[in-house]
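Working notes for the structure below.
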Amino acid sequence: ENLTLGELHPVTGPASFYGLVMSQTLKLRAEQTNEKGGLDVGGTKYTLSIATGDDQAQATKGVAALRKLMTDDVHFIFGPLASAVAPAVKPIIDKQTDLLQIIDGSIADGVVNGKNSFRVQASADTYNNAVLNYLTENKVKSVAVMTDRSHQGFVMSEKRMGESIEKAGVKVTGLEHFQIGDTDFSAQLTNLRASMPDALVLRGYPGEGALITKQAEALGFKGQIVWEMGAPPSTVMKNIPSAQMDGVTNCIPRMMADYVRLNVPNALKLQEEFKKKYGEDPGENASFSNDAFWILTTAMQKAGSIKAPDVAKALTEMKVTDVPNLIIQYQPYENGLLFKDGQANPPSACQVWKGESWQNPPGDKIEMTTKN
Amino acid sequence: MLSIENLAAGYDRLEVLHDISIKVEEAGSVVVLGPNGAGKSTLCRAISGLLPCRHGKIVFDGKDMTGASPADRVRAGIVQVPEGRQVFPDMTVLENLRLGSWIHGEPKGPDLQKAFDLFPRLAERRNQNAGLMSGGEQQLLALARAMMARPSLLLLDEPTQGLSPVAIEQVATALISIRAQGVSILLVEQNLSLAEAVGERAYVLETGRCALEGPAAELLSSDAVAASYLGH
Amino acid sequence: MSLLSINAITQRFGGITALSDITMSVEEGTIHGLIGPNGAGKTTLINILSGLVKPSEGSMEFNGRQNGPWPMASAVQYGIVRTFQQTRVFMGLTARENLRIAHVAGAGDANADDLIEALALGDVLDRVAGELPYAVLRRLSLALALGLRPKLLLLDEPAVGLAPDEITKMAEVIRHFHGQGLTVLLVEHNMRFLMELASRVSVFVQGRLLFEGTPAECQNNPTVIDAYLGRGLKHVEH
Amino acid sequence: MLELLPQQLVNGLALGSSYALIALGLTLVFGVLQIPNFPHGELYMLGASFTYVLVAYGMNFWVAVPIASLAVVIVGILLDQVGYRRIDTGGNLSLMISALAMSTVLQQVATLIWGAEPHTTLSPLPGVLRTAYFSIGYYQMLIFAATIACWLFVWVVLHRSRLGLAIRAMSQNKMAAQLMGIDLIWIRIATFAIGALIGGFAGSLLGASFPIYPTMGLNPVLKAFVILVIGGVGNLWGAIVGGFVLGILEILVSAYISSQLQDIGTFAVLVIVLIVRPNGLFGRAEVLR
Amino acid sequence: MKQEITFRWVIPAIVVLLAVIGIPFANDYLLYVATIIVLMSILAVSYDVLLGLTGYLSLAHGFLYGVGAYTTAYLTTNSGWGYWPALVASAVISGVMGTVIALVAFRTRGIYFAVLTLGIGLVGYQLFLVLEPITGGVGGFIGIPGLPSLPGFADAPQRNNLVIALLVLAVAYGASMLFLRSSIGAACLAVREDVVLAQSLGIRIGMARLCAFSFSAVFAGAAGSLFAAISNFVGPDDFSVMATGFQTVVYVVVGGMGTLWGPVLGAVLIVALPEILRGASTYAVFIYGLILLFFILFAPKGIAGFLLAAAKRMSRSGRVVISKEAEAR
Ligand SMILES: Nc1ncnc2c1ncn2[C@@H]1O[C@H](COP(=O)(O)OP(=O)(O)OP(=O)(O)O)[C@@H](O)[C@H]1O
Ligand SMILES: Nc1ncnc2c1ncn2[C@@H]1O[C@H](COP(=O)(O)OP(=O)(O)OP(=O)(O)O)[C@@H](O)[C@H]1O
Ligand SMILES: [Mg+2]
Ligand SMILES: [Mg+2]
């Protein structure tokens with residue numbers, strides 16, 4: 001029997017750099033499953049195939065792609081990555097009873113319903129809490145925050161984050177914004193520098209993050225720079241000399257490279273397999289796509305069915321320890337559950353840039369919650 | 001000097017000129033007459049290379065020019081005063097004149113002086129943008145500009161359009177004097193007095209064909225012209 | 001009674017005085033000629049009267065209305081319509097569409113057929129103006145103006161570039177509409193054409209009104225001959 | 001906040017000079033040929049990308065800049081010959097669509113070659129000049145100087161050279177220009193070459209301070225059109241002033257009003273400029289004859 | 001000219017025919033793509049009244065489309081309006097906005113007009129981002145009620161959407177035809193061809209072009225309103241200048257300006273193409289660009305111009321039009 005799993009990722013367009021890896025990870029996993037004779041669900045062996053819906057990170061394109069997948073009789077969707085697409089496809093998914101979505105990318109607010117849409121990626125709050133923890137643990141007294149105002153997840157949680165920082169006793173000396181694609185941040189930085197915060201938090205993408213870091217230094221900012229972004233070293237390095245990055249801290253949910261550095265076996269395995277097949281590193285988001293794949297297929301096996309409602313039910317009852325092959329060490333909810341209201345809980349941590357890459361701070365340890 | 005044999009030319013799928021043959025002698029002058037839409041301007045454009053020849057041959061100074069580019073023809077000495085002035089509106093009078101002598105590099109002082117002597121209005125307005133000149137003034141500028149190229153064959157397409165009678169007189173004098181300097185002239189004209197004053201030979205075009213040809217003085221006073229051209 | 005009176009109009013462009021202190025009038029029902037050397041300011045006057053350009057000084061009265069000149073749209077509404085020295089029609093549209101626009105803009109009563117006949121445009125109605133022969137364009141542009149049923153028509157060199165037979169036709173057309181009560185201010189360098197049509201002629205030189213009189217007076221006036229008509233060529237021999 | 005004004009003005013000048021540099025080539029091509037050359041943004045991108053590639057292969061940055069810029073010239077001329085020459089009489093809008101299409105094609109070619117991910121060449125001139133009132137990178141000063149130099153270069157070409165006379169003649173009346181003995185094809189090629197040269201040069205230089213990726217030209221080219229209009233079409237001086245005006249405005253809005261309203265503020269000012277001066281700051285009203 | 005008039009009826013007839021044959025059988029995906037094509041056609045046809053008739057290139061229409069979408073989103077979601085009144089309100093509000101923009105923008109012309117409207121479009125897009133209480137900011141507007149069902153379509157929402165969109169397109173097309181034939185339409189043509197001549201003929205050019213702008217704004221609003229209800233979600237990205245704003249121009253120019261039916265064909269081609277190219281994956285956009293380039297190079301007067309020329313050649317009646325304009329300038 002054949003079983004087609006759909007994905008909504010930008011494999012073309014400006015965001016394809018992030019989307020392509022996710023699509024490749026899924027295809028790699030499907031291929032391997034087929035090589036082992038297919039996915040065994042309730043005694044039937046299914047040959048898996050991945051149908052790619054290219055959304056180009058645009059809402060309308062995403063809706064069309066989803067509709068196409070649906071007419072092609074696809075009932076399981078991975079993605080989307082783009083926060084422009086996630087809310088746009090939500091109304092369609094909400095209405096569908098025989099469709100199941102696992103979001104492996106977008107961190108936008110309000111796109112998970114816990115009925116037929118689940119998210120293995122962290123929520124925006126997880127990101128923010130990572131920064132908050134850093135600030136309090138390091139006794140930072142004052143902080144200025146710069147947010148990419150086109151980044152849905154970060155913008156929508158901006159106010160919440162500001163409040164919780166203040167509540168934790170850290171003074172917010174300034175809130176500024178920029179936009180993806182901007183190249184000049186001198187106006188904002190001049191203002192922020194004058195407010196003399198101990199730390200500067202940057203929320204957005206690494207391209208701008210690197211530029212801001214560079215320009216902050218040029219304008220004489222001497223405090224700690226804290227990033228809050230998925231930032232593969234390869235990308236960071238392309239935007240800033242590594243020396244200028246020294247000491248920058250990045251506080252986010254742990255991702256692919258982080259788990260590799262911590263020698264989590266499943267991460268090393270994916271890293272190796274991916275490199276073998278595609279000739280390059282899997283990048284940050286591969287861990288989410290990888291885990292989404294295993295979570296979904298495990299749920300199917302547990303449900304013994306490939307009917308979406310059955311699988312969804314299995315997901316709600318799924319425990320973190322149920323799924324083999326996970327890279328991310330999800331923190332279980334009550335009773336060891338993986339999801340609460342559809343949201344999984346990946347752990348976060350801070351990494352520090354040293355030399356050519358991010359390093360785990362001394363003594364950083366990971367609590368293993370999954371079979372590895 | 002210029003010999004056109006069995007020329008055909010036109011626009012897109014419309015052929016305007018059919019089988020035209022015209023000769024201009026060294027230092028000779030030819031007038032071309034004809035009703036509106038006969039193809040006179042088309043003829044000028046074909047000679048100066050703005051329109052391709054569909055058929056026939058254009059020989060100038062012994063060289064075959066049929067396929068040459070407009071620029072090549074200008075360099076060979078064929079210079080046109082186009083119908084409807086066609087000055088460079090946002091450039092000054094002086095710059096327009098400089099462009100006239102483009103093929104010779106920067107304009108020589110005497111050339112400029114000659115143009116200004118001929119049409120003092122241009123000297124007065126040398127730094128005014130050409131587009132702000134009156135219609136007639138622009139026409140004079142177009143003429144002066146063509147002279148700057150020191151042509152050996154001057155094509156004039158209705159150079160007196162919009163000129164006052166005195167100005168037409170000036171133009172006639174100028175044309176006669178440059179002919180005396182050995183420049184050949186091909187003049188398209190509606191103004192018969194000028195045609196008579198300047199032309200040696202005359203051709204009458206009608207719907208793209210040569211209807212009549214002969215010595216200007218004879219032809220212009222003949223009944224045949226009156227019949228075919230004046231529409232009487 | 002004068003249909004149009006011009007009071008002390010002056011027009012300066014930067015340092016150039018194109019018109020200085022022009023005072024003249026045009027009588028109802030006449031064809032009034034306006035001549036002068038190139039750059040004398042004739043077109044400038046038409047621009048002012050039609051509202052295209054605001055004069056530096058001076059005013060005009062038209063048909064009992066004071067305080068002109070008016071903006072173009074109002075001028076047309078009051079009955080002042082012009083043509084242009086360089087042919088101006090809607091080149092991308094068919095002749096019919098051209099006329100329709102003039103018709104729509106004008107009062108709207110159907111004098112279209114009359115116009116088409118008088119200007120012999122019947123055969124070309126469905127051709128795009130851009131591909132029409134020059135002479136027809138010249139007539140079409142006149143038709144546009146006439147379609148507005150003006151009281152006063154300002155014609156800027158209507159015969160320029162036309163062959164003799166076409167000039168004859170043009171003269172007939174002007175006479176035809178003049179016969180229907182149209183007043184015309186006619187700028188023209190073709191003396192035979194002008195002298196045949198006009199009953200009075202004003203002569204501008206360098207922005208000043210040099211002379212005004214009947215065509216015959218004008219042709220015999222030595223200053224006009226010097227400044228404008230010239231002596232050498234048999235200029236009237238068209 | 002006022003004590004920050006000197007720094008903010010310097011920020012604005014630095015930003016403005018990068019805008020002006022990009023707008024210059026666009027102004028030239030648009031002013032002369034009336035072609036809305038959207039792919040100018042891609043020429044900019046290619047200038048940066050070529051430099052990146054050359055530097056990655058170990059070439060010295062300062063050697064790579066002229067080579068990359070010249071390579072872009074070839075692309076620029078090709079653009080014209082492929083995409084514009086055929087439809088030159090088809091009207092501005094078909095030129096615009098053709099321009100958009102070529103923009104897309106170039107972006108995609110770049111994506112296929114280099115991927116969508118950003119790259120940077122490291123700044124060849126690090127270091128910052130720090131004074132009591134402001135600090136500015138040496139490289140930013142270099143770009144400022146390059147902008148002025150490019151402007152001078154174009155100005156001299158247009159107004160003091162025979163080529164320039166021919167270029168202007170062509171822009172005003174093609175037919176008459178031919179009748180003066182000017183070879184339109186070569187003038188056209190020359191115009192595109194200069195436009196592309198400056199575009200490529202801009203990319204080559206700015207690529208050392210900004211990320212390089214296939215769609216990096218999109219925003220700058222939009223801004224360049226805005227600058228073109230603020231300054232007055234075809235006015236070189238306008239392009240420079242317009243660039244600085246836009247740069248300083250963006251900085252001031254972002255610094256003194258809100259960085260969230262940066263775009264709103266800037267474009268609102270553009271709208272106001274055009275309402276007050278419908279032909280831009282230095283544009284002349286069209287003459288009606 | 002005669003062919004032009006024939007096409008004006010033939011193309012809608014084909015559309016209706018295709019709809020009648022296709023709608024009962026098409027799957028949801030095809031229905032969705034067709035619906036988007038129809039929405040874009042509404043935009044394109046009404047925009048053609050502005051661009052094709054008056055020659056003014058507005059880049060603010062992406063914003064006006066957005067105004068329609070957000071108005072409907074707000075009214076139906078937050079204020080509990082029914083869809084039909086919301087549709088009317090969206091069209092009206094967008095029309096009023098358009099009129100205000102036009103009053104400002106028509107002080108300029110040519111490229112200045114294009115860039116001024118570009119500026120307005122950019123400001124508008126940013127407003128969608130910033131006016132969070134009304135628009136939902138970057139997050140957009142979630143949970144917008146769908147279109148009400150027409151009788152007989154209650155259990156086929158996708159079909160229902162398409163049929164309603166087609167009905168609005170029919171209204172837009174009809175209204176555009178009326179506009180074209182009206183005296184204001186004639187005045188607009190005059191404005192496009194030669195403003196000075198138009199003025200000298202006493203045409204109130206301000207009024208004419210204002211009407212054209214407002215007209216197109218009303219339908220842009222209506223199209224936006226449909227879009228909101230059909231998507232159940234609106235976010236700012238669809239209304240950026242580079243998205244809908246430029247796309248609309250592309251539909252009209254690639255289709256053939258000033259013909260009304262050409263832009264419909266343009267919208268069909270440009271919207272359908274990326275969907276057809278889905279299979280080409282990473283090469284899709286590249287191929288799309290090449291095809292677009294090819295079309296404009298070999299049919300610079302748009303698909304309509306190409307078809308008309310072909311029709312003319314077949315009826316061998318006329319000559320190709322060469323305008324003297326270029327020379328006269
Ligand atoms: N660019 C053009 N495209 C198409 N047809 C043209 C073009 N120019 C001229 N024609 C047509 O070619 C024919 C000859 O035109 P041409 O201008 O050569 O006549 P002409 O004798 O110079 O007339 P005129 O005395 O009015 O200047 C006319 O029927 C005209 O309509
Ligand atoms: N906008 C302007 N700026 C500067 N000078 C101008 C402007 N318009 C006209 N002039 C000048 O004013 C003078 C009068 O021009 P006008 O066009 O009225 O002359 P005209 O009598 O119609 O001449 P022609 O018989 O040659 O058409 C000319 O010298 C012209 O250069
Ligand atoms: Mg002619
Ligand atoms: Mg005049």
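Every heavy atom of this structure was used, including side-chain atoms; hydrogens, water molecules and symmetry mates were not. For clarity, every value in this text was computed on a predicted model and none was experimentally measured. A note on names: the letters A, B, ... follow the listed sequences, proteins ahead of strands, and every chain is numbered from 1.
- The two residues B:Pro35 and C:Ala163 have their closest heavy-atom pair at CA-CB, 3.9 Å.
- Closest of all the heavy-atom pairs between C:Pro164 and B:Gln190 is CD-OE1, 4.0 Å.
- There is no contact between B:Gln170 and chain C, counting heavy-atom distances below 4.5 Å.
- Residue contact with chain C, scored on non-hydrogen atoms closer than 4.5 Å, involves the backbone and the side chain of B:Glu137 alike.
- Without hydrogens or angle criteria, B:Asn191 side chain to C:Asn190 main chain gives no donor-acceptor distance under 3.5 Å.
- No other option in C:Thr43, C:Val160, C:Leu162 has as many heavy-atom pairs under 4.5 Å with chain B as C:Leu162.
- Considering only heavy-atom pairs separated by less than 4.5 Å from chain C, the leading option among B:Thr160, B:Leu163, B:Leu140, B:Thr173 is B:Leu163.
- Side-chain atoms of B:Asn36 come within 3.5 Å of backbone atoms of C:Gly161 as a donor-acceptor pair (strictly under, hydrogens ignored).
- More than 12 heavy atoms of other residues, nucleotides or ligands lie within 6.0 Å of CD in C:Glu217, so this atom counts as buried by the packing criterion.
- Residue B:Glu95 qualifies as enclosed at atom CD: its count of foreign heavy atoms under 6.0 Å is above 12.
- The candidate from B:Ser164, B:Ser134, B:Ala167 with the greatest count of non-hydrogen atom pairs under 4.5 Å with chain C is B:Ser164.
- Here the CD-CD distance, from C:Gln85 to B:Gln161, works out to 10.0 Å after rounding to the nearest 0.5 Å.
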Contacts under 3.5 angstrom, residues 10-22 of chain C side chains, donor-acceptor by atom type, not counting sequence neighbours:
{"from": "C:Thr10", "atom 1": "OG1", "to": "C:Asp21", "atom 2": "N", "distance (Å)": "2.9"}
{"from": "C:Arg12", "atom 1": "NH2", "to": "C:Glu57", "atom 2": "OE2", "distance (Å)": "2.6"}
{"from": "C:Ser20", "atom 1": "OG", "to": "C:Arg208", "atom 2": "NH1", "distance (Å)": "3.4"}

